[in-house]
Number of protein chains: 2
Amino acid sequence: MVQPEFEFLSNHILKRVQLTEEELNFMLSKFKLTKIKKRQFIVQPGFTAKYRNYVCSGAFRAYVVIDNGEDHTIQFAIEDWWITDYNSFFNDQPATMFVVALEDSVILQLSRENEDLLKQANHKYETFFRISAERAQAFHFRQLITNLTQPAEFRYENFLDKYSQIANRVPQYALASYLGMTTEYLSKLRNKRTSKQ
Amino acid sequence: MVQPEFEFLSNHILKRVQLTEEELNFMLSKFKLTKIKKRQFIVQPGFTAKYRNYVCSGAFRAYVVIDNGEDHTIQFAIEDWWITDYNSFFNDQPATMFVVALEDSVILQLSRENEDLLKQANHKYETFFRISAERAQAFHFRQLITNLTQPAEFRYENFLDKYSQIANRVPQYALASYLGMTTEYLSKLRNKRTSKQ
DNA sequence: ATAAAAAGTTGAACCAGATTAACTTTTTAC
DNA sequence: GTAAAAAGTTAATCTGGTTCAACTTTTTAT
C-alpha cells in the first residue's frame with residue numbers, strides 16, 4: 001500500500017487531470033518525500049530553487065528581505081498547497097526569496113529535471129502543470145486586485161474569512177507583512193475586532 | 001503572403017516553442033483578426049470573456065470598478081502583449097473586469113473553444129500555453145512583491161524604468177491607479193522629478 | 001525549571017499619501 | 001472652429017497607518 005503522503009498528492013492530481021493507474025504511478029515516482037524540521041529553509045536567496053514542493057503536512061512561509069532588513073511575506077503554504085520561488089525554479093536563476101518551515105513538515109519534491117521529463121513524456125502531465133500555472137495566475141491576479149483596492153482592515157477581515165485555517169496557525173508578524181501592514185497595526189485590528197463581538 | 005499581424009504573432013509563438021510550418025499555420029488559423037476602435041470594450045463585467053487577445057497594434061487597459069465608483073487599473077497591454085479577464089476566460093464565469101481600448105487597435109483573438117482544441121490537438125500547443133501561464137505567474141509574483149514592499153515614489157520610478165513605452169502612452173489617471181496612488185499624487189511625483197533634472 | 005530571546009500589546013507622536021476644491025490645459029464631438 | 005467634457009495641476013487640510021518606545025506574554029534552549 002502507498003504511503004499516505006502520496007495518497008494526498010494523488011487526489012490532488014486526479015482532481016485536475018484524468019490519469020490511468022500506470023500514468024499516475026509514473027508521475028508519483030518522480031517525487032521525493034522529504035521531512036523538514038521547523039525553521040529549516042527549503043529555498044534561500046543565492047541558490048537556485050531546484051524543487052517545486054507539495055506540502056503534505058506542516059506549514060511554510062515565503063518571504064523577501066529588503067535593504068533595510070524588513071521582511072515581507074509573499075506566500076503561505078499548508079497541506080495541499082505548492083510552494084517554491086517560481087521565478088528561480090522556472091528560469092534557473094538564483095532565488096530572491098526565502099522559504100522556511102513554520103512547523104515540522106512533510107513535503108513531496110519535484111525537481112526541475114523531473115518536471116521537464118514529465119512534461120515531455122505525456123501530454124496529460126503537461127496539462128496538469130498548465131492548469132496549475134493558470135490557477136496560480138488567476139489567484140495572484142485576485143490578490144493583486146485586493147491589495148490595490150482595499151484598505152488594511154478589509155484585507156484582514158477578508159483573509160480571516162477565506163483562510164481562517166492559515167490565519168490561526170502562522171505567527172502574527174508573518175501575517176501582518178503578508179497583508180501589507182505592521183505587526184502593531186494588525187494587533188490593534190485584532191483587538192478592535194474581538195472587543196466588538 | 002501572410003498579413004503582418006499574423007507575422008507578429010508567429011514570431012511571438014516561435015520564440016516559445018518550435019513548430020513546423022504546418023503546425024504554426026494550423027495554430028494561426030484558429031485566431032481571428034479584429035479591429036477595435038478607441039474606447040471600445042473587449043471585456044465587460046457580467047459577460048464571460050470568450051477570447052484571449054493578442055495585441056498586434058494599439059493599447060488596452062484592464063480595470064475593475066469598486067462600490068464607490070473608483071476604478072483601478074489592473075493591467076496594460078500594448079503590442080506583443082496578451083490581455084483578457086483570465087479568471088473569467090479559464091473558469092467560464094462572468095467577468096469582473098473591463099478591458100477597453102486606449103487607442104485604435106488591431107488584435108488577434110483566440111476563443112476558449114479553439115484554445116481547448118489546440119491544447120488537445122498537439123502537445124506543443126499545450127506547451128505554448130503552459131509557458132505563457134508560467135511566465136504570467138512569475139510576472140504577477142514580482143508585481144505583488146513590488147506593491148507590497150515599495151513606496152509610491154519607487155513604484156513610479158521603477159515603472160518608468162521598465163515600461164517607459166507604456167508610461168508615455170497611457171492616460172495619467174490610468175497609470176496612477178495601476179501604481180496604487182491618486183492622480184494628484186502622481187502629478188506631484190512627476191513634477192518633482194522633472195524639476196529635479 | 002529557568003533565563004534569555006522572540007513575539008505580541010499599547011499609547012503617543014508623526015508622516016506618506018488621500019481628499020477636497022478651485023483652477024488650467026487638452027481632447028472630443030458637433 | 002468652438003463649446004463642453006475630460007484630464008491634469010496645485011495647494012490646503014486631513015487621516016489611515018507607521019514609527020518609536022516601554023511593556024507583557026509566549027516560546028526556546030539549556
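In what follows, every chain begins at residue 1, and chains take the letters A, B, ... in the order their sequences are listed.
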Task: Gap between atoms CE and P, on B/Met181 and C/dC15 respectively (whole Å) - done: 20 Å
Task: OP1 or OP2 of C/dT9 under 4.0 Å from side-chain N/O of A/Asn191 - done: no
Task: Straight-line distance of B/Ile36 CD1 to B/Asn53 CG, nearest 0.5 Å - done: 7.5 Å
TODO: Quickly work out the B/Arg61 CZ to D/dA7 C1' distance and round it to whole Å.
DONE: 12 Å
Open item on the list: As an exercise, state the distance from OG of B/Ser29 to CG of B/Leu118, rounded to the nearest 0.5 Å.
Closed with: 7.5 Å
TODO: List the steps and the verdict of ring pair (Phe, Tyr, Trp, His ring centres under 6.0 Å) for A/Phe60 and A/Phe76.
DONE: CA-CA 6 Å; A/Phe60 289 84; A/Phe76 292 112; over 10 Å; no
Open item on the list: Just the rounded figure in Å: distance from C1' of C/dT26 to NZ of B/Lys38.
Closed with: 11 Å
- [ ] Please determine if B/Lys119 forms a cation-pi arrangement with B/Phe129, meaning its NZ or CZ atom is less than 6.0 Å from the six-membered ring centre and no more than 45° off the ring axis.
- [x] yes
Open item on the list: Can you tell me if B/Lys188 touches the phosphate of D/dG8, counting only side-chain N or O atoms and a distance under 4.0 Å to OP1 or OP2?
Closed with: no
TODO: Quickly work out the A/Glu157 CD to D/dG16 P distance and round it to whole Å.
DONE: 16 Å
Open item on the list: Does D/dT26 have its OP1 or OP2 closer than 4.0 Å to a side-chain nitrogen or oxygen of A/Gln172?
Closed with: no
Task: Nearest-Å distance for atom pair CG/P, residues A/Leu186 and C/dG8 - done: 9 Å
Open item on the list: Using the side-chain heavy atoms of A/Tyr173, tell me which of these nucleotides is nearest: C/dA7, D/dT28, D/dG8.
Closed with: C/dA7
Open item on the list: Can you tell me which nucleotide in D/dT28, D/dG17, C/dA18 comes closest to the side chain of A/Ala152?
Closed with: D/dG17
Open item on the list: Among A/Phe128, A/Phe6, A/Phe31, A/Trp82, which residue satisfies the ring-ring contact (aromatic ring centres under 6.0 Å, His included) criterion with A/Tyr54?
Closed with: A/Trp82
Open item on the list: Is there a side-chain contact between A/Thr182 and the phosphate of D/dT18, meaning an N or O under 4.0 Å from OP1 or OP2?
Closed with: yes
- [ ] Kindly point out which of C/dG8, D/dT28, D/dT19 is positioned nearest to the side chain of A/Glu184?
- [x] D/dT19
- [ ] Starting at atom CZ of B/Arg169, determine the distance to atom P of C/dT27, rounded to an integer number of angstrom.
- [x] 15 Å
Open item on the list: Can you measure A/Leu175 atom CG to C/dG8 atom P for me and round it to whole angstrom units?
Closed with: 10 Å
- [ ] May I have the distance from B/Gln150 (atom CD) to C/dA16 (atom P), rounded to whole angstrom?
- [x] 15 Å
TODO: Would you mind telling me which of C/dG17, D/dA29, D/dT9 lies closest to the side-chain atoms of B/Pro151?
DONE: C/dG17
